[in-house]
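Structure record follows, encoded as structure tokens.
What you see is a predicted model, and the numbers here were worked out from it, not measured in a lab. Excluded from the calculations below are hydrogen atoms, water molecules and symmetry mates; all remaining heavy atoms, backbone and side chain alike, are included. Here is the naming used below: chain letters follow the sequence lines, and residue numbers restart at 1 for every chain.
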Amino acid sequence: MTRSEELDLTETSAGRVSGQAVSAPRPKGRGSIGLLYLAPYIVGLVVFTAIPFFASLYLSFTDYDLMSAPRWTGLENYVELFTSDRTFRRSLYVTLLYVFITVPLKLAFALFIAYILNYRLRFINFFRTAFYVPSILGGSIAIAVLWRYIFATNGLVNMGLGAVGIDPVNWFGDPVNALFTITLLRCWQFGSAMVIFLAALQSIDKSLYEAAAIDGASKWTSFVHITLPLLTPVIFFNLIMQMVQAFQEFNGPYIITGGGPLKSTYLLPLYIYDEAFRRFDMGYASAIAWVLFVIIMVLTLIAFWSSKKWVFYAGDKRS
Amino acid sequence: MKALMTSAALAALMASGAQAADLRMSWWGGDSRHVMTQEALRVCGEKHGHTIKAEFTGFDGYLEKLTTQMAGGTEADIVQVNWPWMPLFSRNGTGFADIREFSDQIDLSQWTEEQLASGEMAGILNGLPVSTSGRVFFFNTTTFEEAGVPLPTTWEELFEASAQLKEKLGQDYFAFNGVKETAQLLVSLQVTQMTGKDLVDPETNRVAWTVDELAEGLAWYGRMVEEGVLQGHEQEAGQGNVNLFEKPDWASGKIAGSYEWDSTWSKFADPMIDDQVLVPAKMLVRQDAVTEGVYRKPSMLFAISKNSANPEAAAEIINCMLNEPEGIDALGDSRGIPASAVAEARLAEAGAFDPKMKEAHDILMAAEGPVVSPFNEHPTLRGAFLDTMEEYGYGMLDEEEAAEIIIDEANRVLKGFDS
């Protein structure tokens, strides 16, 4: 460091102390040091996110098999997707169904469990940990394999049903049951949403419940008129996060059913993977990925737009 | 004097072949193959004065990795390639180096012309067959003996045996397995035995079968499901996305046969419990068969990267692993029975092969059938075949409709390869 730089720094420190930082001269070299600190993130963002993001947009308008240069085909991939691709239509329908079933079910379940775990029970910390564990394990391949064995024709669930005299169910062989089974795996991983709900529940002022109790409100009335409104920001946050994650689901159907039967669990991420890495049609895979991106974006925007009507923040004057 | 000695040393080095080079080799496989291949690379590297970096993974993900490398021109100098991938990587024969250019380094006389032809794309030798593989029949003799039923030798005998297994051992016993790719290849086998033709006509590069012929093959498969010879799609899907050799019903003998790659013998024999015995069996044939219709192909190939800076050195290493004693001994049967004549003879003499695997391989090599096109395993074509068969299996299509869709889809894929 040169003497003049030392002087600059001293002056800056003095400026801060005296509250005159704004008028102090800008220290030389500060900007580049800041950029240096930011560089790993910026490089990662540009190389691993921004470039692939825009490259995939370009590739979605091309015919590209990785071996030869991309060939510009305009809207051909998109036209094929929406006019003649039966698999895409099926996969899109299944994906939307999966998301619209999974997200509300998972949020409701997470809130229910969080509500119970908010009570002061004996061993409550143990239960909180135990209920969170599936979320740590849930995304793993091992749990997907375990799920496969539990719901197999001769698996644990059917053994249990048999013990109470119920005929075994073909969980994976029937298209409706197969999607339900995959959905259930996702819902079982409710821990992260539950923890956020639990934190929000604990931050609600207890005096509100006391006041409501004095006015004769039942538990249910308190829940509907106090708890739920105060939780709406957290519900909104969880809704967005869970929706985005659900649209990206891959491991469960890939391991458990392979997308079958009859493509009933063939979610769009599986279709993208197959097109890209089994059929080497990178252009087509990119087009599907962009359709998926647009769907997620539109639904997120709708959620944000609608949030003005149902999300209540602290200090909100609406009644 | 010093200059003379330097020149002499250089001349000696050049006469010995390629100069010392740093190479890379990539392959997929299991643990034993990884260990044996690394040992082969070590001994061959020492012998020829090269160093070879090993790049290996399991099968899953290898194709994706190799594809990315090929796209970027960063593939290893020596690449293990699955035979059906050749049209993907080297449609016109320029995806890999021409191995015939290195006939000084590699003794090509150890392969038959037919074997070498299977490694050619557009007449250019792109890959050297490491071994030959194909589908053969495996039967669980313990299950058949328990039911007092002899092993079948024809399809009709299989139907009869199945009925007896169910009657004597229970309705949950199946004489055979046929799902996913195996189901596809069973239908193909039927039609090939019936017509004498492979799925793809090499002359026209279009489907060689008529809709009626394929429909008959599908109907025959439908009959197998209907009569309980094998599990149908719905029943099979009920067990989830799981391999046959991982299924308890296979290990316990309730599924008593299948049609699998000869090289996967151990994978299917090892899980057997309670001292059950699995044996390879000769091809089952139709009464009106015009051929046995064996599905035989190079199981994998060694190719040299067209971007390699040291292709001669890579060729020396390949020759060492496949044709020279040190390499043959180290590589052993890690890739099945070798295609190279000298390697097969040397390993057979040393008793290196599992006798049952050798028996399966001998059955495969003795059977006859038309030349199999790599397009049989093209991912899009195969995907269309399997998806349509599934719809047929769930009763959404009849045989005629399914056959028509499969042939249309297959021809659409094949048309994309017209020059």
Side-chain angles (χ1 to χ4, degrees), chain A residues 59 63-70 84 86-87 90 141 144-155 157-158 168-175 177-178 181-182 185 251-266 270-271 273-282 284, chain B residues 60-73 85 87-92 94-95 172 179-180 231-243 246-249 252 254 377-384 386-397 405 409 412-413 416:
Chain A
L59 289 175
D63 176 16
Y64 180 44
D65 65 359
L66 278 177
M67 291 298 110
S68 43
S84 60
R86 280 195 313 156
T87 306
R90 175 78 176 149
I141 302 296
V145 172
L146 179 71
W147 215 252
R148 197 171 67 194
Y149 281 107
I150 288 176
F151 284 93
T153 317
N154 49 2
V157 172
N158 276 345
V169 177
N170 192 343
W171 297 104
F172 299 136
D174 179 271
N177 291 345
T181 314
I182 302 294
L185 173 61
N251 282 356
Y254 181 74
I255 300 291
I256 298 169
T257 59
L262 295 171
K263 305 267 184 254
S264 61
T265 57
Y266 198 56
L270 269 74
Y271 191 28
Y273 173 80
D274 281 350
E275 284 298 323
F277 293 109
R278 289 198 172 152
R279 302 187 187 108
F280 303 102
D281 199 342
M282 289 290 169
Y284 202 65
Chain B
D60 289 340
Y62 180 82
L63 176 58
E64 290 87 328
K65 183 184 166 192
L66 179 58
T67 308
T68 314
Q69 288 180 327
M70 293 285 290
W85 302 344
L88 302 172
F89 291 132
S90 188
R91 185 184 293 205
N92 53 10
T94 58
D172 53 346
V179 295
K180 296 178 186 166
Q231 295 182 344
H233 277 88
E234 192 167 354
Q235 197 173 0
E236 204 279 328
Q239 292 157 57
N241 185 25
V242 60
N243 294 310
E246 294 171 319
K247 289 180 182 172
D249 282 355
S252 64
K254 285 187 174 176
E377 295 179 35
H378 187 281
T380 308
L381 193 157
R382 169 164 276 178
L386 293 178
D387 289 349
T388 312
M389 273 194 75
E390 190 182 27
E391 291 182 19
Y392 170 67
Y394 272 82
M396 297 169 70
L397 301 169
I405 291 171
E409 284 292 310
R412 192 176 63 80
V413 172

Which distance, rounded to the nearest 0.5 Å, do you find between the CZ of B:Arg382 and the CZ of A:Arg279? 12.5 Å
Can you tell me how far the CE atom of A:Met282 sits from the OG1 atom of B:Thr67, to the nearest 0.5 Å? 7.0 Å
About how many Å separate CD of B:Glu246 and OH of A:Tyr149, when rounded to the nearest 0.5 Å? 5.5 Å
Interface residue of largest heavy-atom contact number with chain B, from A:Tyr254, A:Phe172, A:Phe277, under 4.5 Å: A:Phe172
Okay, A:Tyr266 and chain B: the region with an atom under 4.5 Å from a heavy atom over there is neither
How far apart are the C-alpha atoms of A:Arg86 and B:Glu391, what are their side-chain angles, what is the distance that settles it, and do they pass the salt bridge (charged side-chain N to carboxylate O under 4.0 Å, His left out) test? CA-CA 13 Å; A:Arg86 280 195 313 156; B:Glu391 291 182 19; 3.8 Å; yes
Region of A:Leu66 in contact with chain B, defined by heavy-atom distances below 4.5 Å: both
Going by the rule side chain to side chain contact (heavy atoms under 4.5 Å, CB included), which residues pair with B:Ala237 if we only count those two or more places apart in sequence or in a different chain? A:Pro261, B:Tyr394
First locate atom OG1 of B:Thr380, then atom CZ of A:Phe280, and finally report the distance between them rounded to the nearest 0.5 Å. 9.5 Å
Can you name the nearest heavy-atom pair linking A:Arg148 to B:Gly240, along with the distance? CG-CA, 4.0 Å
When rounded to the nearest 0.5 angstrom, what is the spacing between CG in A:Asn170 and CD in B:Gln235? 8.5 Å
Using a 4.5 angstrom heavy-atom cutoff, name the option from A:Asp65, A:Asp281, A:Ile255 with the most pairs to chain B. A:Ile255
Kindly compute the distance separating CG (A:Asn154) from CG (B:Asp172), expressed to the nearest 0.5 Å. 10.0 Å
Quick one, A:Leu262 and B:His233 - any side-chain contact, counting heavy atoms below 4.5 Å? no
Residues in side chain to side chain contact (heavy atoms under 4.5 Å, CB included) contact with B:Asn92, at least two apart in sequence or another chain: B:Thr94
